[in-house]
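One structure below.
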Amino acid sequence: EFTKTVAAISGYAREKNCLLVGTYAASSIDMWARCAEAYQKAGAGVVELNFCCPGPGSLKDIIKEGDETACFGDVLGRNIELSAKVVEKVRSSVDIPILCKLPPALRLQCVEVAAILHQAGAAGCELYANSHGMRVDIEAANPVGFGCGTLNTHGHLADTMYDVAQIAKEHPHIDLMAGR
């Protein structure tokens with residue numbers, strides 16, 4: 001559905017020399033490829049494969065590790081072999097660059113994971129989406145909101161920048177995007 005928005009603004013983006021990024025998640029290897037094709041046709045200049053959302057813990061309890069049907073979210077992102085298959089399929093379907101949004105659960109393997117996904121056909125990786133965490137009201141000593149969940153804070157910036165530096169040092173040919 002979002003490709004309709006990309007198509008509607010792609011002329012304006014080209015006129016203003018802006019790159020449109022088609023970011024998405026899918027539920028099967030074939031659907032990953034079909035969505036990438038739709039984004040490219042709509043005018044996206046790059047696709048970002050979201051190997052991170054929904055957040056940590058939301059799927060891993062209901063999906064078994066290694067399940068070939070678990071082609072979405074953080075479950076897929078933790079399965080490097082299946083993630084590489086998704087990248088290969090998408091690479092065979094589009095000729096625009098591919099970025100992979102990695103889950104923070106892969107921090108200790110980020111250099112190896114970036115290399116594997118690049119070899120599969122990704123131009124680069126995005127570090128990271130949401131981190132695991134809990135917000136706590138220190139006055140009431142209670143969790144805020146739902147308690148455990150995903151967080152985006154500047155407190156993770158140093159870790160993310162360290163990981164970017166490690167990948168860049170080992171694999172300077174891999175494009176990187178990062179934020180917190």
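Positions are given from 1, in the same order as the sequence printed here.
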Q: Measure the spacing between CH2 of Trp32 and OG of Ser93 and express it to the nearest 0.5 Å.
A: 13.0 Å

Q.
According to a hydrophobic-cluster definition based on side-chain heavy atoms being under 4.5 Å apart (Ile, Leu, Val, Met, Phe, Trp, Tyr only), do Val6 and Val90 belong together?
A. yes

Q: Test side-chain contact (heavy atoms from CB on, under 4.5 Å) on Tyr24 and Asn50 and set out the steps.
A: CA-CA 6 Å; Tyr24 68 100; Asn50 185 345; over 6 Å; no

Q. So Glu81 and Lys85, side-chain contact (heavy atoms from CB on, under 4.5 Å) or not? Walk me through it.
A. CA-CA 6 Å; Glu81 184 179 318; Lys85 287 180 185 177; 4.0 Å; yes

Q | Single hit among Leu19, Ile98, Asp175, Thr23 for side chain to side chain contact (heavy atoms under 4.5 Å, CB included) with Val46 | A | Leu19

**Q.** Name of the residue among Leu20, Val47, Val21 meeting side chain to side chain contact (heavy atoms under 4.5 Å, CB included) with Ile96
**A.** Val47

Q: State, yes or no, whether a side-chain contact exists between Leu117 and Leu49 at a heavy-atom distance under 4.5 Å.
A: no

Q. For the residue pair Leu127 and Leu102, what are the closest heavy atoms and their distance?
A. CD2-CD1, 3.6 Å

Q | Minimum side-chain heavy-atom gap Val111-His171 below 4.5 Å | A | yes

(Q) Under the side chain to side chain donor-acceptor pair (under 3.5 Å) definition, can you give me all pairs with a residue in residues 103-121, not counting sequence neighbours? (A) Arg107-Asp163

Q: List the steps, then state whether side-chain contact (heavy atoms from CB on, under 4.5 Å) holds for Leu108 with Leu106.
A: CA-CA 6 Å; Leu108 299 179; Leu106 298 179; over 6 Å; no

Q: Supply the atom-to-atom distance Asp95 CG to Glu37 CD, rounded to the nearest 0.5 angstrom.
A: 11.0 Å

(Q) Hydrophobic clustering (ILVMFWY, side-chain heavy atoms < 4.5 Å, transitive) - are Ile80 and Val86 grouped together? (A) yes

Q | Minimum heavy-atom distance Val164-Ala178, with the two atoms named | A | CG2-CB, 3.5 Å

Q. Once you round to the nearest 0.5 Å, how far does CD1 of Ile167 lie from NE2 of His173?
A. 11.0 Å

Q. Is the closest side-chain heavy-atom distance between Cys125 and Cys110 below 4.5 Å?
A. no

Q) Donor-acceptor pair, Arg91 side chain versus Val94 backbone, under 3.5 Å? A) yes

Q.
For a side-chain contact (heavy atoms from CB on, under 4.5 Å) check, start with the C-alpha distance between Val87 and Phe51, then their side-chain angles and the critical distance, and finish with the verdict.
A. CA-CA 11 Å; Val87 171; Phe51 291 168; 4.1 Å; yes

Q | Donor-acceptor contact below 3.5 Å, side chain Gln40 vs main chain Gly45 | A | no

Q: Measure across Ala122 and Cys100 and return the closest heavy-atom pair with its distance rounded to 0.1 Å.
A: CB-SG, 3.8 Å

Q. Closest heavy-atom contact between Ser10 and Gly43?
A. CB-CA, 4.0 Å

Q | Between CE on residue Met31 and CD1 on residue Ile29, distance to nearest 0.5 Å | A | 13.0 Å

